[in-house]
Amino acid sequence: MTNKKLRLILQNTVLGALYVALTYINPISSGILQLRISTLLMGVPFLKPQLAPGLILGVMIANIPSPFGWLDILGGFLIQTVSLYVFNRLFKSNYVKALAYGLWCGVVVSSVIMLAAGAPFWPTFLSVALSNILVACLGVFLVDKYLKPILDRYVD
């Protein structure tokens with residue numbers, strides 16, 4: 001294994017672990033009303049797509065203790081995979097990617113909660129979509145403003 005491959009694996013691991021840690025320390029990271037601070041990290045793989053696997057794995061691990069079980073793990077995988085592999089290719093603007101990500105979160109999370117707990121779709125969709133759009137856009141701003149030079153220097 002080359003140093004470049006090993007470095008990319010380590011960078012993905014750190015990003016995934018950071019996502020898990022930020023999710024676990026946040027008291028309102030799951031459910032109908034959620035505000036995941038860890039969503040700030042979405043801007044990283046929007047800018048550096050090679051770090052998408054780390055975030056996908058981090059989301060799946062963070063969803064393990066969810067009261068919605070395997071549905072939430074699968075939902076998180078679906079959200080991140082579509083956002084980071086489809087939206088990243090469809091849209092040029094990271095802010096448009098963040099908007100699409102938030103709306104997609106609203107659809108998938110609302111569907112999971114509706115199936116698992118019988119919660120109404122539309123109020124859950126509005127809550128989840130708005131919170132994810134806001135946090136993801138803030139994350140894009142912070143990554144562009146403060147982390148871009150570091151990511152450009154250390155992520156190939």
Between [X] and [Y], is there a shared hydrophobic cluster once you connect ILVMFWY residues whose side-chain heavy atoms come closer than 4.5 Å?
X: Val96; Y: Val140; result: yes
X: Val109; Y: Leu130; result: no
X: Leu126; Y: Ile113; result: yes
X: Leu134; Y: Leu99; result: no
X: Ile25; Y: Val14; result: no

Using every non-hydrogen atom in the two residues, find where [X] and [Y] come nearest and quote the distance to one decimal.
X: Lys48; Y: Leu151; answer: CE-O, 3.7 Å
X: Tyr95; Y: Cys137; answer: CE2-O, 3.6 Å
X: Gly102; Y: Ile133; answer: CA-CG1, 3.6 Å
X: Ala116; Y: Leu71; answer: CB-CD1, 4.1 Å
X: Ser131; Y: Leu35; answer: CB-CD1, 3.9 Å
X: Ser83; Y: Met42; answer: CB-CE, 4.2 Å

Under a 3.5 Å distance rule, please check whether [X] uses its side chain to pair with a backbone N or O of [Y] as donor and acceptor.
X: Ser110; Y: Val107; result: no
X: Asp72; Y: Val112; result: no
X: Asn63; Y: Phe68; result: no
X: Ser127; Y: Pro123; result: no

Any [X] side-chain heavy atom under 4.5 Å of [Y] side chain:
X: Thr124; Y: Met114; result: no
X: Thr81; Y: Ile56; result: yes
X: Leu15; Y: Leu41; result: yes
X: Thr39; Y: Tyr101; result: yes
X: Leu18; Y: Leu22; result: yes
X: Phe46; Y: Asn88; result: yes
X: Ile37; Y: Val135; result: no

Interatomic spacing from [atom1] in [X] to [atom2] in [Y] - rounded to 0.5 Å:
X: Lys97; Y: Phe91; atom1: NZ; atom2: CZ; result: 10.0 Å
X: Asn132; Y: Arg36; atom1: CG; atom2: CZ; result: 8.5 Å
X: Asp156; Y: Gln11; atom1: CG; atom2: CD; result: 7.0 Å
X: Gln80; Y: Trp104; atom1: CD; atom2: CH2; result: 11.5 Å
X: Leu55; Y: Met60; atom1: CG; atom2: CE; result: 12.0 Å
X: Leu90; Y: Tyr85; atom1: CG; atom2: OH; result: 15.0 Å

Should Leu138 and Leu40 be marked as a side chain to side chain contact (heavy atoms under 4.5 Å, CB included) after you check the CA-CA gap, both sets of side-chain angles, and the distance that decides it?
-> CA-CA 7 Å; Leu138 177 60; Leu40 290 169; 3.8 Å; yes
Once the angle between the rings of Phe121 and Phe125 is folded into 0 to 90°, is it parallel (under 30°), tilted (30 to 60°) or perpendicular (over 60°)?
-> parallel
Start with the C-alpha gap between Val59 and Ile79, add the side-chain angles, then the distance that decides, and say whether side chain to side chain contact (heavy atoms under 4.5 Å, CB included) holds.
-> CA-CA 9 Å; Val59 169; Ile79 290 167; over 6 Å; no
